[in-house]
Amino acid sequence: QVQLVESGGGLVQAGGSLRLSCAPSGRTFSSAAMGWFRQAPGKEREFVASISWTGGTTYYADSVKGRFTISRDNAKNTVYLQMNSLKPDDTAVYYCAGKRTPVAGPTSLYDYWGQGTQVTVSS
């Protein structure tokens, strides 16, 4: 079973930036689309962004468009989420997810999940 490991979360002031990273543990992804989701306290998990295997196709939630950027480095087997202009509403546990297909969008069902990393944005 593939395990995903996220890193890079933390506490930041509003307007600041963070970069999250995600890599599989013990295995190299092959032709896998990757995504980021988040879950705030008392709310359902929601889609944030996804990227195709080649990196040529990306999707973003409307709430993060223009502020967040998803990218990947297949040579390093790592996916990133660059988060700029952070707002208190971005506070959540952020999860990395993988899918055994080259492309996945906002409503796709993902096959692998990480344990999550906490992002807290103070006002």
Side-chain angles (χ1 to χ4, degrees):
Q1 181 71 14
V2 176
Q3 289 187 324
L4 301 176
V5 180
E6 304 99 335
S7 61
L11 174 64
V12 64
Q13 289 188 333
S17 299
L18 283 175
R19 189 177 79 158
L20 306 182
S21 300
C22 170
S25 173
R27 176 176 167 174
T28 298
F29 269 148
S30 175
S31 300
M34 300 293 293
W36 287 96
F37 291 74
R38 67 186 182 186
Q39 186 168 18
K43 296 186 177 181
E44 293 187 352
R45 186 175 299 185
E46 65 175 2
F47 170 81
V48 175
S50 66
I51 187 167
S52 64
W53 165 246
T54 64
T57 301
T58 57
Y59 294 96
Y60 293 94
D62 288 343
S63 58
V64 306
K65 279 181 183 177
R67 300 188 299 121
F68 290 11
T69 302
I70 188 171
S71 62
R72 67 190 300 161
D73 184 341
N74 288 342
K76 295 182 178 180
N77 211 27
T78 302
V79 176
Y80 305 98
L81 185 68
Q82 178 66 44
M83 305 185 294
N84 299 329
S85 302
L86 283 161
K87 306 174 182 179
D89 285 349
D90 295 318
T91 295
V93 177
Y94 283 71
Y95 297 90
C96 175
K99 185 164 178 62
R100 289 189 295 255
T101 58
V103 182
T107 59
S108 299
L109 296 179
Y110 285 73
D111 302 302
Y112 310 114
W113 292 87
Q115 295 298 308
T117 185
Q118 177 70 47
V119 171
T120 303
V121 184
S122 63
S123 57

Trace of the side-chain contact (heavy atoms from CB on, under 4.5 Å) decision for Q118 with L11: CA-CA 8 Å; Q118 177 70 47; L11 174 64; over 6 Å; no
Determine whether the aromatic ring centres of Y59 and F47 lie less than 6.0 Å apart. no
Is the backbone of [Y] close enough, under 3.5 Å, to the side chain of [X] for a donor and an acceptor to pair up by distance?
X	Y	answer
R72	S52	yes
T91	V121	yes
N74	T54	no

CD/Q39: more than 12 non-hydrogen atoms of other groups inside 6.0 Å: yes
More than 12 heavy atoms of other groups within 6.0 Å of Q3 CD: no
Over all atoms of both residues, closest heavy-atom pair of A33 and A104: CB-N, 3.5 Å
Can you name the nearest heavy-atom pair linking A92 to A40, along with the distance? CB-N, 3.8 Å
Please round to the nearest 0.5 Å and tell me the distance separating atom CD of Q13 and atom OG of S123. 9.5 Å
Would you compute the distance between atom OH of Y94 and atom CZ of R38 and round it to the nearest 0.5 angstrom? 4.0 Å
Salt bridge check, K65 against D62: does any charged N sit closer than 4.0 Å to a carboxylate O? yes
Hey, quick one: are [X] and [Y] part of the same hydrophobic cluster, counting side-chain heavy atoms closer than 4.5 Å, chains of contacts allowed?
X	Y	result
I70	Y80	no
Y112	V79	yes
Y110	V93	yes
L81	F37	no

Given side chains that start at C-beta, do those of [X] and [Y] come closer than 4.5 Å, heavy atoms only?
X	Y	result
W113	C96	no
M83	V12	no
L4	M34	yes

After noting the C-alpha distance and the side-chain angles of T69 and Y60, does the key distance pass the side-chain contact (heavy atoms from CB on, under 4.5 Å) rule? CA-CA 8 Å; T69 302; Y60 293 94; 3.8 Å; yes
Donor-acceptor pairs are to be reported for all side-chain atoms of residues 14-26 against protein atoms at under 3.5 Å, with residues two or more places apart or in another chain.
from : atom 1 : to  : atom 2 : distance (Å)
S17  : OG     : N84 : OD1    : 2.9

For the pair F68 and L86, evaluate side-chain contact (heavy atoms from CB on, under 4.5 Å) and give the outcome as yes or no after the intermediate values. CA-CA 9 Å; F68 290 11; L86 283 161; 3.8 Å; yes
Going by the rule ring pair (Phe, Tyr, Trp, His ring centres under 6.0 Å), which residues pair with Y95 if we only count those two or more places apart in sequence or in a different chain? none
